[in-house]
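The structure appears below as C-alpha cells.
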Amino acid sequence: MSNTLEIKNLNVSIGDKQILKDFSLTVPKGEVHAIMGPNGTGKSTLAKAMAGHPEYEVTSGEVIIDGENIMEMEADERSRAGLFLAFQYPMEIPGVTIANFIRAALNARLPDDEELNAPDYYKELYAKMDLLKIDRKFTARAVNDGFSGGEKKRCEILQMAMLNPKYAVLDETDSGLDIDALKVVAEGVNSMRGPNLGALVITHYQRLLDYIVPDVVHVMYDGRIVKSGDKNLALELESKGYEWVKELAGEAAAS
Amino acid sequence: MSESSDAINPIKEAFNRHIEDLDTAPAWWKTSKTEAFENFASLPLPTRRTETWRFANIKGLELDDVKFAALPSISDAASLVDRSNFIETYAGRFVFGDDQTLKADRLSPELAAKGVIWAPLREAVSKHGEILKDYFMKQEADLGSAKFAALHQAFLENGALLYVPKGVEIEDPFVVYNWSINAGSAIFPHTLVITEDFAKVRLVEANLSATEDAAAFSCGVNHIFAGVGSTVDYTLLQNFNEQTLGFQINSNIAGKDSNVKTISVNVGCKRYRSETHGQIKGSGSQVNMLSLAVADHDQEIDQRTLQTHSAPHTYSNLLFKNALVDDARTIFSGLIKVDPGAQQTDAYQTNRNLLLSGTAEANSLPGLEIDANDVKCSHGATTSQIEDDEIFYMLARGIPREKAQELIVYGFFEEILEQISCDTVAENARQIIQAKFKKRLRK
C-alpha cells in the first residue's frame, strides 16, 4: 500500500532474547501515532530495529515504506528512503559541526555530481533553527558535543526538519526535557505535521501527547500492541497506570 | 676515516663536493659544516636496541638510495611558486625547490626599518653571520636523531632566518615552502626563528612534493628561540609524497613569560620521523605542542617528544592525535621532564590514536620524569576505534559508511586544526587531509 508505513509481523531479538513478537502496525501518511508502554516492553527496540541498528536481529517481518520493504536495506539507505529516527540518546560527534553534519546528510541524498547550494542551505537551516529556538551560533558547534538534554532533542528535531522524511519515529523525545523544552520540541514537530509526513511518537509519559496530539494511540506490552484507540486512550492509561496494561495484555492473549 | 674508505663512501664524496661548491662562504661556516659531517660520520646508526628508536623501522637509514648530488636544475619553478599559495597575505615568503630559492618575497620596508630580518640562509651566512653564530644549530637533537641533525647541518644549502627585534609585533605570517622535486634528491629544510623581548610572530612551513612518485629524502630542522614575553606561533604542514623518507627535528626554547605554540600536520611520507623538544626554560612561559598525523597503506609515522621544564611556574601542553588506516604504523614516545627547581610546573601530555582498520598499529610510550615536588603533571594515551553507535547515528541520517568514517576522522582532527591561527592554512590542512581520503576512494 502506498502512502503508509506498514510494520508487518516484525520479530526482533537481541542475542537470545526475543523482544518484538509479531509486531504489526500501520501509520498512514498525514497521521501521528503514539506508542505508549512500560519500560522494557520493546518500544526502543522497535525504533532501532526499523532504523537498522546492527545489534537488533530481525528474524522475520517487514517494514514497508510507501510500498517498499526497507528491511533488506542498510541503515543509511533506509534513511535516504525516507525514514527518520529521532534518537532517545543522540550521539556526540566531536569536531563535526551541525552545519557540516546536516549538509553531509543532504548531500548523500543528491546525485554524485551534485552539491548542495550553500546560500540556500544556510537560509533554510537558519529558518528552521529560529523556529526551534536554537541559537544560530550552534551551526558551528560539534554535533551534540556538550549539549544539554533539551539542546540534543531540539537538534534531533532540527535534523528531522532539514531531512524532510516521509516517516519519522521519535524515540522518547520527551525524556529528560523540562516543560519549556518539551513545548519547543512539540511545536517543531507540529509544524511539520501535514499530508506528507507520518509520525510514530514513542513515549513513556502521557505529558508529551498534550502537546503533540496523536491521531491514534497504541499501547504496547511485551513486544506487541495490546490496545489501540484515540487520544483519550493515553489519558485512560495515565489514570489507570501500567498495571492496567498487564490486564490488557492478558485479555489480548486470551482473545 | 681512511682514504681508501673515503673513496668508496659516496656520502663523503658528496660532502667534499658540497664544501667545494661553497667557495665564497665564510670559513667559520665551512668549518662548522665539516665538524658536523665528522659528527655525522662518527655517530652510530640506530639499532634495534636503541631505546630512542624503539618500535621504529630502522632499515634504510644508511641512506644508500639518496643522491647527495650537486643542486639539480629546476624546470617548473613558476608552477611551484604558483602552488605555494596557502596564504594570501604574508609578511614574507620563501619558496625553495630542492633547496634552491625559487622565489623570495621580502619584508616590507616598514618591517625592515624596524630591524626585522627575513633572509634565506644562504644569504644570511654572509650578511647575518653574528646571529647565526649565536643561534644556528644551537639546540641539541637529543631525542635520537643527533646523527641526522649533523647530516642536516653538513649538507644544508638553504633555509629561512627570521629575527624579530624587541617589541615588534607582526600580524601577517611568514611562510616557507620547501618543495621536493627530483627523484632521489635530498633536501634539508631549515627554519630558524628568533624573537627578542615582547616580539610576536607567526611562521608557517609547508613541506611538499612536486610530484606523487619521485622518491626523495628530506631532513629538516626548525629551531625557535622565544625571548622574554614574546609570542611565537609555528605551523608545519608536511605533505611529501608517499615515496619520501622524512625527518623533522624541531626544538624550541621558551624564555621567561614567553608563549610558544607549535602545530604539525603530518600527512605524507612513506616513513616520517619527527622529534619535538619543548625546552621550557623561562619562568612564566607557556608552550603548546600539537600534532596530527593521518597514516594509511604501509606508512610509518614515528614521533618522539620531550617537554623539559627547567624553570618554576611554567606550563606545557602536548596533544598528538593520529588516525591510522590499512597497515599503517605510528609511534608516539613522549616524556615530560621536570627539573628539581621547576616547582609549580603544569605539564600535560596526551596521545590519542584512532584506528580505522584492524591491521593498523599505534604504539604509545608516554612518560614522566619528575624531580620537583610541587607540580601538576599528567600523561595519557588512548587508542580506540570509531564507536559503532557513532557510525550508526550517522548512517541513520543517510550518510554512507565511508563518508561517516571520514567525517569522524575530520572531526577527530578538528581539536588540532581549529588551533591553527591562520584560517587559510587550517583550510589547506583540511583539504590535504580530505584529499588523502578522496584518493583512497578513487583506488
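Just so we're on the same page: letters track the sequence lines, and every chain starts at 1.
With respect to B:Q303, the side-chain hydrogen bond (donor to acceptor under 3.5 Å, both in side chains) criterion is satisfied by exactly one of B:N363, B:T330, B:N322: B:N322.
Relative to the six-membered ring of B:Y234, B:K261 misses at least one condition, a distance below 6.0 Å or an angle of at most 45° to the axis.
In this structure, the portions of A:F101 lying under 4.5 Å from any heavy atom of chain B include both its backbone and its side chain. Heavy atoms of B:E387 lying under 4.5 Å from chain A belong exclusively to its side chain. Heavy atoms of A:A142 lying under 4.5 Å from chain B are absent altogether. For B:Y393, the parts lying under 4.5 angstrom from a heavy atom of chain A are both the backbone and the side chain. Proximity to chain A involves both the backbone and the side chain of B:E390, based on heavy atoms less than 4.5 angstrom apart. Both the backbone and the side chain of A:P90 come within less than 4.5 Å of a heavy atom of chain B.
For chain B, the option among A:I93, A:V96, A:L83 with the highest count of heavy-atom pairs below 4.5 Å is A:I93. Note: B:M394 leads B:E415, B:K403, B:M394 in heavy-atom pairs under 4.5 Å with chain A. The candidate from A:A105, A:A108, A:P54 with the greatest count of non-hydrogen atom pairs under 4.5 Å with chain B is A:A105. For the options A:E92, A:M160, A:R80, heavy-atom pairs under 4.5 Å to chain B are most numerous at A:R80.
Distance alone, capped at 3.5 Å, is enough to place a donor-acceptor pair between the B:Q299 side chain and the B:C269 backbone. Between the side chain of A:R78 and the backbone N or O of A:I70 there is at least one donor-acceptor pair closer than 3.5 Å. Put simply, the side chain of B:D326 gets close to the backbone of B:H297: a donor and an acceptor are under 3.5 Å apart.
Under the 30°/60° scheme for interplanar angles, the aromatic rings of A:Y122 and A:Y126 are found to be tilted.
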Could you go through B:F86 and B:Y177, starting from their C-alpha distance and side-chain angles, then the distance that decides it, and tell me whether this counts as ring-ring contact (aromatic ring centres under 6.0 Å, His included)? CA-CA 9 Å; B:F86 291 177; B:Y177 297 86; 5.7 Å; yes

